[in-house]
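To keep things clear, I will list the structure first and then write my remarks on it.
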There are 2 protein chains.
Amino acid sequence: MGKLIENLADGGGECGLPHALEAMGERWSFMILRAAFNGLKHFEEMQASLGIARNILANRLGRLVATGILERQPCPDDRRKIEYRLTAKGESLLPAMIALRQWGERWGDGGLSNPVLCDRRDRQPVQRVRIHAQDGRALDWHDLTWVDQSELVSEAAE
Amino acid sequence: MGKLIENLADGGGECGLPHALEAMGERWSFMILRAAFNGLKHFEEMQASLGIARNILANRLGRLVATGILERQPCPDDRRKIEYRLTAKGESLLPAMIALRQWGERWGDGGLSNPVLCDRRDRQPVQRVRIHAQDGRALDWHDLTWVDQSELVSEAAE
DNA sequence: GTTTTAGGTTGCAACTAAAAACTCAATTGC
DNA sequence: GCAATTGAGTTTTTAGTTGCAACCTAAAAC
């Protein structure tokens with residue numbers, strides 16, 4: 001338990017992807033993450049809702065806790081129950097998850113996803129997740145290039 | 001070969017995620033996609049750069065072609081060679097891949113990714129991938145809610 | 001015409017996932 | 001107070017995947 005994608009180390013440069021995949025690259029990880037974003041907090045809830053095998057769910061939850069994506073916290077009112085809840089690190093996976101989901105929706109078998117992620121303020125659906133330039137323009141692949149770090153013109157980035 | 005994540009079907013609503021994961025949920029898929037975005041086109045190039053087993057690479061490339069993410073095209077000049085190149089469907093995975101990579105970079109072992117994805121126009125790095133409201137505001141998890149499709153106020157969306 | 005190169009297969013060992021049954025403590029019903 | 005139920009896991013068994021190494025085939029190079 002704990003190696004998984006070590007050999008992915010580099011395939012043309014250093015990259016955060018292998019690290020991300022080490023945490024989230026297993027079969028059910030994203031589905032569990034989505035369940036967490038949907039407000040499911042307990043083992044049995046998730047098991048019932050996802051239909052995942054119990055041992056795998058236990059293993060994945062353990063791993064997500066180990067990587068700091070979920071927090072494991074016994075409930076005070078019913079001490080059999082354990083709450084899994086998203087940490088800040090877990091919450092910051094939302095753009096990746098939504099991007100994936102939108103892609104699946106766009107190219108999938110037609111059906112729109114439900115429920116829809118909406119701005120709390122006006123209850124309108126969020127935009128499609130895209131790549132944006134510093135000035136805010138949305139960019140497609142043909143608008144982009146890879147630049148070596150050493151060649152970056154520093155400019156108080158981010 | 002070919003079922004993988006069929007049971008993921010629904011875990012609290014319809015969702016594009018399972019479809020996305022069916023295409024991209026396997027261990028090496030995202031690494032191969034990244035290789036493709038980095039300009040690698042041939043089997044041997046990818047094999048050498050990723051260090052993946054040949055049978056798995058063959059299998060994954062086959063699957064990525066089957067799902068329409070890559071196109072397989074024999075080279076006219078050297079007919080042993082085969083070019084794998086991104087389709088529009090594959091290109092549209094870029095936001096998901098970059099979101100994942102940025103997450104890994106942010107929470108990973110420190111090292112910045114290299115090379116950096118930049119706006120071709122000014123060679124400045126792209127922004128962090130985020131969720132945006134219709135009016136363009138960047139939103140975090142606590143600014144968002146799930147809304148059932150039936151409750152959406154239609155307004156000539158997107 | 002032998003050697004090399006590109007892109008794969010095949011066979012087999014090691015690992016990982018799934019389903020179902022089992023554990024074990026906390027809680028509820030009576 | 002005691003049996004039944006529930007929550008959160010383990011264990012066991014079976015099935016499917018991954019990875020390595022070796023092999024194969026056609027096209028190109030020499």
Side-chain angles (χ1 to χ4, degrees), chain A residues 1-9 11 18 21-32 35-36 39-67 70-85, chain B residues 1-9 11 18 21-32 35-36 39-67 70-85:
Chain A
M1 202 220 268
K3 59 173 183 173
L4 180 56
I5 306 192
E6 62 194 5
N7 298 26
L8 304 176
L21 293 173
E22 208 163 319
M24 294 299 300
E26 283 174 301
R27 290 213 205 304
W28 287 93
S29 307
F30 266 104
M31 291 302 288
I32 293 171
L40 304 194
K41 290 180 175 48
H42 303 289
F43 189 96
E44 302 290 336
E45 279 178 334
M46 293 197 181
Q47 205 279 318
S49 137
L50 297 174
I52 182 177
R54 305 175 67 82
N55 54 350
I56 301 296
L57 178 56
N59 183 292
R60 280 316 98 88
L61 285 173
R63 185 186 273 273
L64 290 173
V65 169
T67 54
L70 295 179
E71 244 171 7
R72 185 182 195 280
Q73 197 182 10
C75 286
D77 56 317
D78 181 341
R79 278 190 335 233
R80 290 168 304 179
K81 283 193 184 174
I82 285 179
E83 262 200 25
Y84 292 95
R85 65 157 70 138
Chain B
M1 200 221 268
K3 62 174 178 166
L4 179 57
I5 305 192
E6 62 193 7
N7 298 28
L8 303 177
L21 292 173
E22 208 163 319
M24 294 299 301
E26 284 174 300
R27 292 216 205 304
W28 287 93
S29 307
F30 266 104
M31 291 302 288
I32 293 170
L40 303 195
K41 289 179 176 48
H42 302 290
F43 189 96
E44 303 290 336
E45 279 178 333
M46 293 197 181
Q47 205 278 318
S49 137
L50 296 175
I52 183 177
R54 304 176 67 80
N55 56 346
I56 301 296
L57 179 57
N59 185 295
R60 282 316 98 88
L61 286 172
R63 185 185 274 274
L64 291 172
V65 169
T67 54
L70 296 178
E71 245 170 7
R72 186 182 195 279
Q73 195 182 12
C75 289
D77 56 317
D78 181 344
R79 280 191 333 232
R80 291 169 306 178
K81 284 194 182 173
I82 285 178
E83 264 200 24
Y84 291 96
R85 65 157 69 141

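Reckoned from all heavy atoms, side chains included, excluding hydrogens, waters and symmetry mates. Every chain is numbered from 1, with letters handed out A, B, ... down the list of sequences.
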Whole-Å distance separating the [atom1] atom of [X] from the [atom2] atom of [N]:
X	N	atom1	atom2	result
B:L64	C:dG7	CG	P	16 Å
B:K81	D:dA27	NZ	C1'	12 Å
A:N59	C:dT16	CG	C1'	9 Å
B:N55	D:dC20	CG	P	9 Å
B:L21	C:dA17	CG	P	14 Å
A:E45	D:dG9	CD	C1'	16 Å
B:L50	D:dC20	CG	P	13 Å
B:E83	C:dG7	CD	C1'	14 Å

Contact under 4.0 Å: [X] side-chain N or O vs [N] OP1/OP2:
X	N	answer
A:R60	C:dA17	yes
B:R72	C:dG8	yes
A:W28	C:dA17	no
A:Y84	D:dG7	no

Of the nucleotides [options], which one has an atom closest to the side chain of [X]?
X	options	result
A:A58	D:dG9, D:dT18, D:dT5	D:dG9
B:I82	C:dG8, D:dT10, D:dG7	C:dG8
B:H42	D:dA28, C:dG7, C:dA17	C:dG7
B:E26	D:dT18, D:dA8, C:dG7	D:dT18
A:F43	D:dT17, C:dG7, D:dG9	D:dG9
A:E44	D:dA8, C:dA6, C:dA18	D:dA8
A:I56	C:dA17, C:dT10, C:dA20	C:dA17

(message) Please determine whether any donor N or O and acceptor N or O are separated by less than 3.5 Å between the side chain of B:R80 and the base of C:dT5.
(response) yes

Just by modelled atom types, is the [Y] backbone N or O under 3.5 Å from a matching donor or acceptor in the [X] side chain?
X	Y	value
A:Q47	A:I52	yes
A:H42	A:Y84	no
B:E45	B:K41	yes

Rounded distance [0.5 Å steps], [atom1] in [X] versus [atom2] in [Y]:
X	Y	atom1	atom2	value
A:F30	B:L21	CZ	CG	7.0 Å
B:N59	B:E26	CG	CD	7.0 Å
A:R60	A:M24	CZ	CE	11.0 Å

(request) Could you say whether A:R79 or B:K41 is positioned toward the 5' end of DNA chain C, judged by the nucleotide with the nearest heavy atom to each? (result)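 Its nearest nucleotide being more 5', the pick is B:K41.
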
(message) Classify A:D78 by what it touches in the nucleic acid, base, sugar-phosphate, or nothing, heavy-atom distance under 4.0 Å.
(response)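 If one applies the 4.0 Å heavy-atom cut-off, A:D78 turns out to touch the sugar-phosphate alone, with no base involved.
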
(request) Looking at every strand, decide which applies to B:R54 at a 4.0 Å heavy-atom threshold: base, sugar-phosphate, or nothing. (result)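 Result for B:R54 = base.
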
